[in-house]
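Taking it in order: structure first as structure tokens, then the write-up.
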Protein chains: 2
Amino acid sequence: MKLINQLSKETGIPIGTIRFYEKSGLVKGQTKKEVTTNNYVYYDEETVEKLRFIQMAKAVGFTLSEIKEVVDAWYKKQISKVAKIEVLNKKLLQIDEKMKELKAVKKQIAVCIYNIESAVD
Amino acid sequence: MKLINQLSKETGIPIGTIRFYEKSGLVKGQTKKEVTTNNYVYYDEETVEKLRFIQMAKAVGFTLSEIKEVVDAWYKKQISKVAKIEVLNKKLLQIDEKMKELKAVKKQIAVCIYNIESAVD
DNA sequence: ATTAACTATACAGTATACTTCATACTTGTT
DNA sequence: AACAAGTATGAAGTATACTGTATAGTTAAT
């Protein structure tokens, strides 16, 4: 169990951003009942995993609310098995779509480089 | 040569967004000097290509300013061949990075689905 | 000629995702 | 004891990328 500063260092995500994610319901720490002098929040390894997932998913263009759907399907106990799988399979389709777009962008740029290289000044 | 309404319909990008992109320097139409009664702006096929590129690049998480770098390297005559190629090669690296992240996200979700499916209710 | 639809411009407003600031309390070090 | 560094909370501010509104002129169809 780690405090927010350590969590931030391990993931490279700023403290302010982690707090923002917590307010948005993406991650959740917990206070220790045995500690009575403060209300410091502790985070577990699962939170580290979640944050790394959020980083990657953001990098490939998913919004926080799209990411929240996945994280909820992943961890929330209230959601039924069937509903979770439905959400996740939809995400897989979106990922394949992005994969295609990424390849198209790459190809476009490769062609562009070729054209520039073979152009006469 | 097409007007903004047609351009919008061909690409699926709202008129307001196209105007916003034009203000941001991503695309550029031109007025016809022979038309003197209005200042309607006409767009060519190159603009359609650019807009399609912008759509894809945005879908995989590139920002408009990152996209602008590519579009400038692609079309701007003021930029030297060497500088253009440098920009584009950097983009290719970023794309490979995104490709990796996309695969990691996919794997993560696939594992997640497997875990849910094999879990006992 | 009228009127619906299209175009241009400028500016205000919105959504998302942070980021900073102010305040106040807690902990660890010297 | 003092003080730097860490933590919590709330609210305001910022950047990006649109989105909507208001105004005014233009074009096409009836």
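Hydrogens, waters and symmetry mates play no part in the numbers below; they use all other heavy atoms, side chains included. Here is how names work: the chains are called A, B, and so on, in the same order as the sequence lines, proteins then strands, and each is numbered from 1.
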Heavy-atom nearest nucleotide on DNA chain D for F20(B) versus K9(A): which residue maps closer to 5'?
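Looking at the nearest nucleotide for each, K9(A) comes out on the 5' side.
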Comparing I54(B) with N38(B), nearest DNA chain D nucleotide closer to 5' gives the residue I54(B)
Here's a test of your reading of the structure: between Y40(A) and L3(B), which maps to the more 5' nucleotide of DNA chain C?
L3(B)
Nearest-nucleotide wise, let me know which of N39(A) and T17(A) is further upstream toward the 5' end of DNA chain C.
T17(A)
[X] atom [atom1]: more than 12 heavy-atom contacts under 6.0 Å:
X	atom1	answer
E86(B)	CD	no
K28(B)	NZ	no
K103(B)	NZ	no

Please confirm whether the shortest side-chain N or O distance from R19(A) to OP1 or OP2 of dA8(D) is below 4.0 Å.
yes
So, is Y21(A) near the phosphate of dA17(C), with a side-chain N or O under 4.0 Å from OP1 or OP2?
no
Can you check side chain to side chain donor-acceptor pair (under 3.5 Å) on E10(A) and Y43(A), steps first, answer last?
CA-CA 12 Å; E10(A) 272 181 45; Y43(A) 301 91; over 6 Å; no
Is Y42(A) touching bases, backbone alone, or none of the nucleic acid, heavy atoms closer than 4.0 Å?
nothing
Looking at every strand, decide which applies to T63(A) at a 4.0 Å heavy-atom threshold: base, sugar-phosphate, or nothing.
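T63(A): backbone/sugar contact only, no base atoms under 4.0 Å.
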Starting from C1' on dG28(C), measure out to CD on Q6(A) and report it in whole angstrom.
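Rounded to the whole Å, the gap is 16 Å.
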